K.L.:
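To start, I am sharing the structure in question, which I have written as structure tokens.
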Protein chains: 2
Amino acid sequence: MATSKGKKQLDQSTEEKIKAAARKVFHQKGYAATRTRDIAEESGINLALISYYFKSKENLYEIITLETVFKFMHNLAVVFHDESSSFDEKIEQLADRYIDFISKEPDIPLFILTAMRNNPVKFGDKIPLKTIVLESIFYQQFQEKLQEGNHADISPLQYLLNLVSLIIFPFVAKPVFQNITGTKDSQFHKMMQERKKLIPIWIKSMYSKP
Amino acid sequence: MATSKGKKQLDQSTEEKIKAAARKVFHQKGYAATRTRDIAEESGINLALISYYFKSKENLYEIITLETVFKFMHNLAVVFHDESSSFDEKIEQLADRYIDFISKEPDIPLFILTAMRNNPVKFGDKIPLKTIVLESIFYQQFQEKLQEGNHADISPLQYLLNLVSLIIFPFVAKPVFQNITGTKDSQFHKMMQERKKLIPIWIKSMYSKP
DNA sequence: AAATATTTTAATCATTTGATTAAAATATAA
DNA sequence: TTATATTTTAATCAAATGATTAAAATATTT
């Protein structure tokens, strides 16, 4: 089997070349709009190699999607389970990391959202999202905050939604936003950088007692 | 020509049947994953009628997309240009209207975001988004608020982003969110209804001086 | 070096898919 | 009613697309 141990440097390189190209094209155009020939061309390999190494387009897509979701969630896992940081520091970390991450990989949010919409069970079941979020130190610290009682009434789920919305949505809405406001890429980038500092402030004020 | 005046009730009905089916399938699966045969089947008409009435799949998609974006933006236009409501009331109106709208048409946000990502110029140029937002009474009232000076430093664009993010993103992230939290449809719906009241409060507190 | 295994290529298949066409059915006008 | 225009249908086309195959090229082992 090609994917087993018996392969040399060139072999792995080819397999990886295909994956890199597939990643790029799938992220940009989504599953249905991607042709296996696009991937072959993008990677500079022969069309038949895709079947040879990955059996089918769908299988390759599944591999890429799972890897992409894992990579995306990794930041979340790291921050949420950090024992040395406070609750507020975690908020700052999250904004900081994700704004940097998505700035570098702007197609990933829409790619993941679409994948999960089209196949919630398939991908949902293979990713330990519940564990990452609901059994995290972050979530623990959140409960403590609640009991201290120096916050406005908070639904933890609404809180989560707000945090994630403020971080991710601007990137997804970038084309619409730029069309409305005439904002150029450089300005947009500057705005996103500003949000690293602003989001933690906003979130805090949203939930501080009046 | 079929689309001109010379047609009777049955005719218009067929054309509208095709559009309704196309709307449904395009919204659900996007352009690339939609087959013209899907639309024919969904509408119960013959495949050839799609070409007969709309010339091509792409043309039909363009029509549906423009109509969808206009319908989506209509709420925005109405609220933003209302002369009788205050700034704060407009925020409440927006949350109220869009949460109801998207609850009924949950596929539209991702559909529009994807369409604008894939074809920013084509659709961007045909929709008077700039006028709706930047020349609105809402925007005017916003400037007045700024000059009153009883608000924290606000970038109008960041403000807009936050408002829209808090309203729309939870719907787009619904599959991911439900997977993580185990929230069922009815609970999710209840949460969104709560947000009608919460978002205006959050937004206000985000921008009130400390 | 010879034999064997692996990787890559070019050519080809079978389906799918968007679109067209010519004829049939139906409606409209004379 | 008859003639004309419009709408609908079934059949078909050509191109695109995912996948396969047999042979060629390259690497690995003996």
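Only a predicted model underlies this, so the values are computations on that prediction, with no experimental measurement involved. All chains are named by letter (A, B, ...) in the order of the sequence lines, taking the proteins before the strands, and each is independently numbered beginning at 1.
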K.L.:
To the nearest angstrom, how far is A:E41 atom CD from C:dA10 atom C1'?
P.N.:
17 Å
K.L.:
Apply ring-ring contact (aromatic ring centres under 6.0 Å, His included) to B:Y31 and list each qualifying residue two or more places apart in sequence or on a separate chain.
P.N.:
B:Y61
K.L.:
For A:S86, enumerate each residue passing the side-chain contact (heavy atoms from CB on, under 4.5 Å) test, keeping only those at least two apart in sequence or located in another chain.
P.N.:
A:D88, A:E89
K.L.:
Taking five pairs at each end of the helix from C:dA1-D:dT30 to C:dA30-D:dT1, what angle separates the two helix axes (nearest 10°)?
P.N.:
10°
K.L.:
Take the angle between the ring planes of B:F142 and B:Y139 and call it parallel below 30°, perpendicular above 60°, tilted in between.
P.N.:
parallel
K.L.:
Restricting to ring-ring contact (aromatic ring centres under 6.0 Å, His included), what partner residues turn up for A:H81, sequence neighbours left out?
P.N.:
none
K.L.:
Please state whether the phosphate of D:dT8, meaning OP1 or OP2, lies under 4.0 angstrom from any side-chain nitrogen or oxygen of B:T14.
P.N.:
yes
K.L.:
Would you call A:R35-A:E42 a salt bridge at under 4.0 Å N-O?
P.N.:
no
K.L.:
With side-chain hydrogen bond (donor to acceptor under 3.5 Å, both in side chains) as the test, pick out the partner of B:Q193 among B:R195, B:K196, B:K190.
P.N.:
B:K196
K.L.:
Output one line per pair: protein atom, nucleotide atom from nucleotides 16-21 of chain D, and distance, for all N/O pairs under 3.5 Å.
P.N.:
| from | atom 1 | to | atom 2 | distance (Å) |
| --- | --- | --- | --- | --- |
| D:dT17 | OP1 | A:R35 | NE | 2.5 |
| D:dG18 | OP1 | A:T34 | O | 3.4 |
| D:dG18 | OP1 | A:K57 | NZ | 3.2 |
| D:dG18 | OP2 | A:T36 | N | 2.8 |
| D:dG18 | OP2 | A:T36 | OG1 | 2.9 |
| D:dG18 | N7 | A:R37 | NH1 | 2.8 |
| D:dG18 | O6 | A:R37 | NH2 | 3.3 |
| D:dA19 | OP2 | A:K57 | N | 2.9 |

K.L.:
Could you give the CD1-to-P distance, from A:I45 to C:dT9, as a whole number of Å?
P.N.:
8 Å
K.L.:
When the side chains of residues 165-175 of chain A are checked against the rest of the protein, which donor-acceptor pairs come out under 3.5 Å, sequence neighbours left out?
P.N.:
| from | atom 1 | to | atom 2 | distance (Å) |
| --- | --- | --- | --- | --- |
| A:S165 | OG | A:L161 | O | 2.6 |
| A:K174 | NZ | A:D185 | OD1 | 3.4 |

K.L.:
Are more than 12 heavy atoms, taken from residues, nucleotides or ligands other than B:K24, located less than 6.0 Å from that residue's NZ atom?
P.N.:
no
